[in-house]
Amino acid sequence: SVDYRGHTVYETPPNSQGLILLEELNIVEGYDLAAWGHLSADAVHHMVEAKKLAFEDRQRFAGDPSRVAFEPRRLLTKGWAAERRAAIDPRRARPAPAAAPTHDTTSFVVADGEGNVCSFIQSIFAHWGAAVPIEGTGIIMNNRMRGFSLDPASPNVLAPGKRTMHTLNTYLVFRDGRPYIIGNTPGADFQVQTNLQVITGIIDYGLDPQAAIDAARWGDTPDGLLVEEEMPAETQRELARRGHDVKPVPRVMAPMGRAQAIIIDPATGVMIGGSDARGEGAAAGW
């Protein structure tokens, strides 16, 4: 977990890559995103660059903590975030790190009247996972072992008894010790990018969960910076001027996740849900 503007953000630990979202938040906390404006070129540029730095750290350090010299807490300190933030050029984009493959994942969030909350995600990865069912259950085993590397210098190099790092992650945001935002999204490497945009949309820009989910979205890849066509034209032009390889995509074809989120209003306890129209899903209360 990390503190982000007075909120405690919890993520799934390694071998999940939830720490990437936390590092991204630590880095962008050093900027006044609200003053820059929602979907402004300054805000998007600095969030994209924070994403790139966090992904670089994933590739350099992140492996099974029981098998490699990897201390996740080091990457989640404010001091480390300040060091990495200093590497951001406010006027020029840096190259994007390599991406992980993306396949079949589902997620949902739930909150009840007793104060219990759940952010759940599950994936078989490929369309049929490992194509090995568990007898008598109908459950198919996943093939997440594809996430290993054969590069001996990689912290995620294949080895016996080792767990591969994977992209699945969920988050809970607490305010004053109580659940405030419950959220997640499928989408491989886009997960921590979409979650970053939804969380900052709610906390920095005061959006309700549906508005934060519906907002034009970006997704950084080794092949360019994907932006939904609804992204302001001036933002797209300025991002391109700063060196981002901007590639507009129709929302219906955009791969940047299918987010779900619930806010629990701290004053009233009223629950406000949002569900992404980019894919299957719905918000419901009863």
Side-chain angles (χ1 to χ4, degrees), residues 1-5 7-12 16-34 36-58 62 75-76 78 80-81 84-85 88 93-94 96-97 99-100 102 107 109 119 121 167-173 180-207 209 211-221 225-228 231 235 239 244 254-261 263 274 276 278:
S1 66
V2 299
D3 177 87
Y4 181 72
R5 306 199 195 283
H7 302 77
T8 304
V9 184
Y10 295 96
E11 257 286 3
T12 42
S16 159
Q17 294 176 16
L19 77 160
I20 297 174
L21 173 65
L22 301 183
E23 185 177 354
E24 290 171 336
L25 288 169
N26 270 349
I27 293 172
V28 302
E29 189 179 35
Y31 302 117
D32 191 346
L33 299 180
W36 280 335
H38 188 228
L39 300 182
S40 68
D42 279 328
V44 174
H45 171 77
H46 286 82
M47 285 198 284
V48 171
E49 297 303 286
K51 171 266 175 186
K52 292 175 182 176
L53 293 171
F55 273 58
E56 288 175 12
D57 287 346
R58 175 192 72 176
L75 303 184
L76 301 183
K78 300 299 184 182
W80 180 262
R84 301 302 276 144
R85 191 182 307 119
I88 293 178
R94 66 194 292 120
T102 176
S107 64
V109 294
S119 180
I121 192 166
T167 57
L168 300 183
N169 71 100
T170 63
Y171 66 87
L172 300 174
V173 180
Y180 173 48
I181 309 171
I182 309 99
N184 59 41
T185 181
D189 276 349
F190 293 112
Q191 289 181 34
V192 290
Q193 303 183 61
T194 292
N195 290 339
L196 172 67
Q197 292 168 76
V198 172
I199 291 173
T200 56
I202 294 170
I203 294 178
D204 291 87
Y205 299 109
L207 302 179
I213 290 169
D214 288 345
R217 197 172 291 164
W218 54 264
D220 187 56
T221 78
L225 178 63
L226 306 182
V227 297
E228 292 181 335
M231 184 75 67
T235 295
L239 290 170
H244 296 277
M256 283 88 82
R258 302 177 298 281
Q260 316 293 324
I263 287 179
D276 206 328
R278 295 171 179 83

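Small disclaimer: the values here were computed from a predicted structure and weren't measured.
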Donor-acceptor pair, side chain of N169 and main chain of G18, under 3.5 angstrom: no
Side-chain donor or acceptor of E24 paired with backbone N/O of A50 under 3.5 Å: no
V28 and D204, any side-chain heavy atoms less than 4.5 Å apart: no
Between CG on residue D276 and CG on residue D214, distance to nearest 0.5 Å: 7.0 Å
For P209 against I202, the heavy-atom pair lying closest together: CA-CD1, 4.2 Å
Donor-acceptor pair, side chain of S119 and main chain of G183, under 3.5 angstrom: yes
Pairwise side-chain contact, D3 with E29, heavy-atom cut-off 4.5 Å (strictly under): yes
Any I181 side-chain heavy atom under 4.5 Å of V198 side chain: no
Residue of the set H244, Q193, Q197 for which side chain to side chain donor-acceptor pair (under 3.5 Å) holds with W218: Q197
Full working for side chain to side chain contact (heavy atoms under 4.5 Å, CB included) between R5 and L25: CA-CA 9 Å; R5 306 199 195 283; L25 288 169; over 6 Å; no
Under 3.5 Å donor-acceptor, Y171 side chain and L22 backbone: no
Whether T185 side chain and R258 backbone form a donor-acceptor pair below 3.5 Å: yes
Exercise: identify the closest heavy-atom pair between H38 and A215: CE1-CB, 3.5 Å
K52 side chain vs A93 backbone, donor-acceptor pair below 3.5 Å: no
Note, T221 side chain near L226 side chain (heavy atom, < 4.5 Å): yes
Main-chain N/O of Y4 paired to H7 side chain as donor or acceptor, under 3.5 Å: yes
Residues in side chain to side chain contact (heavy atoms under 4.5 Å, CB included) contact with L39, at least two apart in sequence or another chain: A216, M231, P232
Interatomic spacing from CG in D189 to CE in M256 - rounded to 0.5 Å: 13.5 Å
Check: S16 and L168 side chains under 4.5 Å, non-hydrogen atoms: no
Counterpart residues, side-chain hydrogen bond (donor to acceptor under 3.5 Å, both in side chains), relative to Q17 (two or more places apart): R58
Close side-chain approach of D57 to L53, heavy-atom, < 4.5 Å: no
Partner set under side-chain hydrogen bond (donor to acceptor under 3.5 Å, both in side chains) for Y31, not counting sequence neighbours: none
Student check: side-chain heavy atoms of W80 and N26 closer than 4.5 Å: no
Atom pair CD/CZ of E49 and R85 - distance to nearest 0.5 Å: 14.0 Å
Pair I203-V173, side chain to side chain contact (heavy atoms under 4.5 Å, CB included): steps then yes or no: CA-CA 10 Å; I203 294 178; V173 180; 4.2 Å; yes
Atom pair CG (L33) and NE2 (H46), whose distance is rounded to the nearest 0.5 Å: 9.0 Å
Residue pair A43 / Y205: nearest heavy atoms and the distance that separates them: CB-OH, 3.5 Å
Atom pair CG/CG of L21 and N184 - distance to nearest 0.5 Å: 11.5 Å
Beyond-backbone contact of T235 with V227, side-chain heavy atoms, under 4.5 angstrom: no
Reported OG1-to-CD distance for the pair T170 and Q191, which is rounded to 0.5 angstrom: 9.5 Å
